[in-house]
Amino acid sequence: MVARPDVAVSAPGKVLLAGGYLVLDRRYSGLVFALDARIHVHATALPSAASTTTPAAVELPEIVVRSPQFQDAEWRYSYRSTERDGIIVAQSESSPTSSVSRNVFIETAIGYSLTYISTILPDAIAGSTSFTVLADNSYYSQPSSALDSGSPSPRFSKFNTTLSKAHKTGLGSSAALVTAFIASVLAHYLPQSVFSLHTSSSRNALHNLAQAAHCAAQGKVGSGFDVAAAVYGRCVYTRFSPALLEALGEHGSAGFAGQLKSLVDSQWDAQALKQGVAVPRGVRLVMCDVDCGSQTVGMVKKVLSWRKENPQEAKELWDELQTKNETLRTVLSQLATQEEAAASDLTKTEHWKELVGAFASIRRLIQKMSSLSGVPIEPHSQTALLDACSALPGVAGGVVPGAGGYDAVALLVADDEEVLKGLKVLLESWEVPVDATSDGKSGGKVRMLGVREEMEGVRGEDASVMAYGEWTL
Ligand SMILES: Nc1ncnc2c1ncn2[C@@H]1O[C@H](COP(=O)(O)OP(=O)(O)O)[C@@H](O)[C@H]1O
Ligand SMILES: C[C@@](O)(CCOP(=O)(O)OP(=O)(O)O)CC(=O)O
């Protein structure tokens, strides 16, 4: 048997800077930024049981997954092959956490990727494997005790809590996880001649497989911009036709393996254009986590049902927003390519003024979408915060990213110490005001996350012990 190599893969988190709701419809697009917060997955073959036990012992291949930054985060799986329906994965009784938790995203990623491998190189699936998941610290809010300790924070922190209790910061952990996990399974079991992150055909297969597994695990078909960011990085994203996934049966149903193979190997109608979007040198993204203790469920449903009931008004609004989103993208590209990028003060240039104007127009239209649909996409408390941030020198503007709501804002600012300092001072003293629609909950804090934009999507990492230290042992 060929020795399976240790591999490590990472995939980035995301922010949908412009195009929330619009990107659900193929006629519109979203401006998607990848973030330098990544989820890493390390894979290593486990020694064969036969070498450690008596020859009579039956070796059952096992997949062990650990997420050692969290408490009780170890899942063990057994798997079996069925003729036509794929590889069926089951959480083992021996899983330390089997009675407490399942990790549907990991379970689905394993089932889908092994099933795909079984259709191209069935003999490649053999033996036991250990996977370690490590998330960059910004995916979760750290307890303040960890932040105040004075010592530099380690590359990967221990969060002293379980995954389900951890406070997520909304950077798209499940899409980055599923993408990095599937890539690590494929790179670990398949020879490089069949799967390599350096070829566009492998990236296409990874994208399709990750979209299918992510939708199955989350039980709904979204636009998939988060998986696109995880695979391709910063891009202008046009979604895939949802019908592509509707044709795929349930994992384990008759014929699933063949259906999955054709779906994964085909060319979807999704688009992730890399050329269309740039971030000028001297400009950076700032993400803020707003801890206001209130969330609005069902926002997408409500916005879409308003759109259905008001097709004409919605079309005008959607079209206008698409135009303004494109202006934002174009101005950013112009700032990035023109000589102005070399100007001593970027904020004094014409294109900077246009950037400020593009944010203002987008926000005006988002506010209109909020009031017409009755959904707090940019609630009043966020309007106050965005207005205050935008008034600071060096801040081009900001938005409520993605679906909007109370929990985050994204800003584009001049990449300058003084500008960041000014922003920090404002945020430190900011009290989220009472908002009529936030169930009366207020007084939350705003925290600047330690992340910024990044261009690159999924990538191979150094898998050696040197790179991950004791986390993978
Ligand atoms: N570090 C991690 N280790 C293991 N599983 C993770 C990790 N981060 C995320 N997940 C999986 O992703 C799920 C969170 O997904 P979701 O609620 O959709 O959040 P998000 O909006 O961040 O994608 C978790 O319940 C878990 O199954
Ligand atoms: C409404 C949307 O267009 C954008 C939602 O973006 P968010 O970034 O808010 O998403 P989650 O991290 O999944 O909560 C829905 C979609 O595109 O799927």
Side-chain angles (χ1 to χ4, degrees), residues 10-11 13-26 28-33 35 37-41 65-75 97 101-109 131-140 156-159 161-181 211 213-215 217-230 237-240 242 287 295-304 307 318 321 325 366 369 373 375 377 399-410 471:
S10 73
K14 55 73 191 171
V15 59
L16 182 60
L17 194 69
Y21 302 98
L22 275 68
V23 72
L24 287 162
D25 182 333
R26 275 188 50 71
Y28 303 91
S29 59
L31 180 55
V32 183
F33 279 18
L35 300 172
R38 291 182 161 259
I39 292 201
H40 297 242
V41 178
V65 183
R66 296 181 312 118
S67 189
Q69 294 166 287
F70 296 95
Q71 292 167 353
D72 299 333
E74 180 171 323
W75 305 269
T97 53
S101 75
R102 277 178 67 196
N103 191 320
V104 181
F105 287 92
I106 285 177
E107 204 171 310
T108 312
F131 291 90
T132 306
V133 178
L134 291 164
D136 275 336
N137 299 336
S138 317
Y139 278 95
Y140 308 93
F156 300 110
S157 291
K158 272 252 183 218
F159 291 108
T161 181
T162 57
L163 245 177
S164 57
K165 290 207 186 102
H167 174 83
K168 284 181 296 178
T169 50
L171 306 185
S173 61
S174 61
L177 170 78
V178 166
T179 302
F181 205 98
Q211 290 284 18
H214 192 246
C215 286
Q218 70 179 354
K220 64 171 196 230
V221 181
S223 71
F225 80 91
D226 44 4
V227 170
Y237 177 68
T238 306
R239 70 162 306 158
F240 56 84
M287 295 289 299
Q295 273 184 354
T296 309
V297 287
M299 290 174 58
V300 173
K301 229 178 172 173
K302 279 190 205 151
V303 171
L304 295 187
R307 185 180 179 214
W318 261 231
L321 246 174
N325 292 345
I366 296 276
M369 198 194 259
S373 64
V375 176
I377 303 168
V399 288
V400 281
Y406 297 93
D407 50 13
V409 296
W471 287 110

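Positions are given from 1 along the sequence. In listed order, ligands and their atoms are each counted from 1.
- Lys14 is listed as a side-chain neighbour of Phe225, based on a closest heavy-atom distance under 4.5 Å.
- In summary, the atoms of ligand 1 found under 4.0 Å from a heavy atom of Val133, numbered by their order in the structure, are 1 (N), 2 (C), 3 (N).
- Expressed to the nearest 0.5 Å, how far CZ of Arg307 lies from OG of Ser373 amounts to 12.5 Å.
- When only non-hydrogen protein atoms are considered, atom 7 (C) of ligand 1 lies nearest to Tyr140 OH, 3.5 Å.
- Nearest to atom 15 (O) of ligand 1 among the protein's heavy atoms is Ser174 CB, 3.3 Å.
- In terms of protein heavy atoms, atom 18 (O) of ligand 2 is closest to Ser223 N, 3.0 Å.
- The single protein non-hydrogen atom nearest to atom 22 (O) of ligand 1 is Ser173 OG, 2.6 Å, given as residue, atom name and distance.
- Between Thr108 and Phe181 the shortest side-chain heavy-atom distance does not fall below 4.5 Å.
- Taking each heavy atom of Val400 and Gly405 in turn, the nearest pair found is CG1-O, 4.0 Å.
- For atom 8 (O) of ligand 2, the nearest protein heavy atom (residue, atom name, distance) is Lys14 NZ, 2.7 Å.
- Of all protein heavy atoms, the one closest to atom 6 (C) of ligand 1 is Leu177 CD2, 3.6 Å.
- By the criterion of a heavy-atom distance under 4.0 Å, the side chain of Phe70, and not its backbone, is placed next to ligand 1.
- Looking at Asn103, Thr108, Val65, Asp136, it is Asn103 that brings a heavy atom closest to atom 5 (N) of ligand 1.
- Looking from atom 9 (O) of ligand 2 to the surrounding protein, the closest heavy atom is Ala403 N, 3.0 Å.
- A donor-acceptor pair under 3.5 Å is formed between the side chain of Arg239 and the backbone N or O of Leu24.
- Side chain of Tyr237 to main chain of Leu16: no donor-acceptor pair is present (N/O by atom type, distance under 3.5 Å, no hydrogens or angles).
- Using cut-offs of 30° and 60° for the angle between ring planes, the Phe159 and Phe70 rings count as parallel.
- With a 4.5 Å cut-off on side-chain heavy atoms, Gln69 and Tyr140 do not count as touching.
- Atom 24 (C) of ligand 1 has Phe105 CD1, 4.5 Å as its closest protein atom, hydrogens excluded (heavy atom only).
- The closest approach between Met299 and ligand 2 stays at or above 4.0 Å for every heavy atom of the residue.
- Side-chain contact check for Leu177 versus Ile39: some heavy-atom pair is nearer than 4.5 Å.
- Atom 3 (O) of ligand 2 has as its closest protein heavy atom Tyr21 N, 3.0 Å.
- Atom 13 (O) of ligand 2 has as its closest protein heavy atom Asp226 OD2, 4.6 Å.
- Near Val23, the atoms of ligand 2 lying under 4.0 angstrom from a non-hydrogen atom of the residue are 3 (O), 17 (O).
- Note that the CD atom of Gln71 and the OG1 atom of Thr162 stand 6.5 Å from one another [nearest 0.5 Å].
- Side-chain atoms of Leu163 and Asn103, non-hydrogen and from C-beta on, do get closer than 4.5 Å to each other.
- Residues Tyr21 and Tyr28 have side chains not in contact (no heavy-atom distance under 4.5 Å, counting atoms from C-beta outward).
- When heavy-atom distances to ligand 1 are checked against a 4.0 Å cut-off, Asp226 has no atom that comes that close, whether in backbone or side chain.
- With a 4.5 Å cut-off on side-chain heavy atoms, Thr169 and Met287 do not count as touching.
- Counting heavy atoms under 4.0 Å from ligand 2, residue Val15 does not touch it at all.
- Interface atoms of ligand 1 facing Gly172, defined by a heavy-atom separation under 4.0 Å, are 22 (O), 23 (O).
- Atom 17 (O) of ligand 1 has Lys168 NZ, 2.6 Å as its closest protein atom, hydrogens excluded (heavy atom only).
- Near Val300, meaning under 4.0 Å from one of its heavy atoms, ligand 2 places the atoms 1 (C).
- For ligand 2, the atoms closer than 4.0 angstrom to any heavy atom of Phe225 are 4 (C), 5 (C), 6 (O), 8 (O), 17 (O).
- For atom 10 (N) of ligand 1, the nearest protein heavy atom lies closer than 4.0 Å.
- Distance from atom 3 (N) of ligand 1 to its nearest protein heavy atom, with residue and atom name: Ser67 OG, 2.8 Å.
- For the pair Leu134/Pro68, a side-chain contact is recorded, criterion being any heavy-atom separation below 4.5 Å from C-beta on.
- Close approach of ligand 2 to Gly222 (heavy-atom distance below 4.0 Å) involves ligand atoms 18 (O).
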